[in-house]
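Below is one structure; the comments refer to it alone.
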Number of protein chains: 2
Amino acid sequence: MSQNQTTRPTEAELEILQILWEYGASSVRFVNDKLNEEREVGYTTTLKLMQIMADKGLVRRNTESRTHIYEAAASEADMQQRLLKRFVDKAFRGSAMKMVMQALGNHEASAEELDEIKALIRRLESEDK
Amino acid sequence: MSQNQTTRPTEAELEILQILWEYGASSVRFVNDKLNEEREVGYTTTLKLMQIMADKGLVRRNTESRTHIYEAAASEADMQQRLLKRFVDKAFRGSAMKMVMQALGNHEASAEELDEIKALIRRLESEDK
DNA sequence: TTGCCTTTACGAAAGATTTCGTATAAACTT
DNA sequence: AAGTTTATACGAAATCTTTCGTAAAGGCAA
């Protein structure tokens, strides 16, 4: 239906996208089984959600065989970018830096991860020259 | 009513909290006026939301004068922490680092901001020793 | 073939969130 | 004092999201 590039997934839809990103194109049965490793969800619930997602353009589906195969329409990184932007706007009044500082300050980073970030910063700095 | 410390605001509620954080304790009229600088919202809509938020424990209210005065129950930083954790879980499968890298990679940071981050990292590294 | 199992389709119930209409009362205006 | 304006309270409509029951049809097994 809509096919809008900027459609945002709801929480339940995002959960399904995570599975599609992790395992690649999948059937409803497969996705539902994965979801049920976390919590109980009825098969038709998952089916309905995935049909809605196809409508919204969040997933594409191949209907050639009886069992339809769904795949995420956007890459995980693209979607993360989109979600991050909105989240920063809503929760951090648009300041990505405030958010990064919070995340780092929350001692969630190991020494190795901090090294990675330093490396990234060096790369960014040399690009900007 | 609930007073639960981990209650999450909905999007509309978060918008109201932003105003309370920015301007401090305020009346419904004030908050509604601020909201209307962005988009049209009816007065009773805002009133109802703020009453619900008081119920949930997201705001406290002083009912001494006829015009009730509301203030955010949690600090902006505390709420950001809470929201960030959940967002990272949902959108980045729990990896705060992936999220930080995305945010930084998205050339959203100025040279000064990168310096700030480097300073923060140095501080974190010396703490961990 | 007949009967199960699995699938999609569809609609609608259940739940959560957002919006607003109406009632009522306090405070201001004239 | 009477009328107007500005509050809160309350309930319910409107909308969005999640869940599931039921129907219909394809494919498989006996």
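Order of the sequence lines sets the chain letters (A, B, ...), proteins ahead of strands, with each chain counted from 1. Values below: all heavy atoms of this structure, side chains included; hydrogens, waters and symmetry mates excluded.
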| field | Presence of salt bridge, B:K118 and B:E113, under 4.0 angstrom | value | no

Restricting to nitrogen or oxygen on both sides, can you table the protein-nucleotides 16-18 of chain C pairs closer than 3.5 Å?
residue	atom	partner	partner atom	Å
C:dT18	OP1	B:A12	N	3.3
C:dT18	OP2	B:T10	OG1	2.4

| field | Under 3.5 Å donor-acceptor, A:N32 side chain and A:T46 backbone | value | no

| request: State plainly whether the residues B:R122 and B:E125 are in salt-bridge range, i.e. N to O under 4.0 Å. | output: no

| query | Along nucleotides 23-30 of chain D, 5' to 3', which nucleotides get a B, which get an S, and which get a -, given that the test is a protein heavy-atom distance under 4.0 Å? | reply | --BBS---

| Can you tell me how far P of D:dT6 sits from CZ of B:F30, to the nearest Å? | 17 Å

| field | Net bend of the helix from C:dT1-D:dA30 to C:dT30-D:dA1, end axes of five pairs each, nearest 10 degrees | value | 10°

| message | Applying salt bridge (Lys or Arg N to Asp or Glu O under 4.0 Å), can you list everything that pairs with A:E13, at least two apart in sequence or on another chain? | response | A:K56

| message | Just N and O in the side chain of A:Q51: are any of them under 4.0 Å from OP1 or OP2 of C:dA9? | response | yes

| Whole Å only: how far is the CG atom of B:L47 from the C1' atom of C:dA23? | 13 Å

| query | How many Å lie between CG on A:L35 and P on D:dC20, as a whole number? | reply | 12 Å

| Does a salt bridge link B:R39 with B:E15, judged by any charged N lying under 4.0 Å from a carboxylate O? | yes

| note | A:M53 CE to D:dT17 C1', in whole Å, measures 13 Å

| request: Indicate yes or no: at least one non-hydrogen side-chain atom of A:Y43 is less than 4.5 angstrom from one of A:V28. | output: yes

| field | pair B:P9-B:M53: side-chain heavy atoms closer than 4.5 Å | value | no

| Separation of A:N32 atom CG from D:dT18 atom P, in whole Å? | 15 Å

Listing, residues 88-98 of chain B side-chain donor-acceptor contacts under 3.5 Å, not counting sequence neighbours, or none:
residue	atom	partner	partner atom	Å
B:R93	NE	A:Q18	OE1	3.3
B:R93	NE	A:E76	OE2	3.3
B:R93	NH2	A:E76	OE1	2.9
B:R93	NH2	A:E76	OE2	3.4
B:S95	OG	B:K98	N	3.0

| said: Please enumerate all residues that pass ring pair (Phe, Tyr, Trp, His ring centres under 6.0 Å) together with B:F30, with sequence neighbours excluded. | reply: B:Y23

| task | Rounded to the nearest angstrom, tell me the gap between atom CG in A:D55 and atom C1' in D:dC16. | result | 15 Å

| request: Answer yes or no: is there a donor N or O on one side and an acceptor on the other, between the side chain of B:W21 and the main chain of B:A77, under 3.5 Å? | output: no

| task | Could you state the atom-to-atom distance from NE2 of A:H68 to C1' of C:dA9 in whole Å? | result | 10 Å

| Of all the choices, C:dT7, D:dA7, C:dA9, which nucleotide is nearest to the side chain of A:R29 once you look at every atom? | C:dT7

| note | From CG of B:N62 across to P of D:dT8 the rounded distance in Å is 12 Å

| task | Give a yes/no answer on whether the side chain of A:Y43 brings an N or O atom under 4.0 Å of OP1 or OP2 in D:dG21. | result | no

| request: Could you tell me whether the side chain of A:S26 and the main chain of A:G24 form a donor-acceptor pair under 3.5 Å? | output: yes

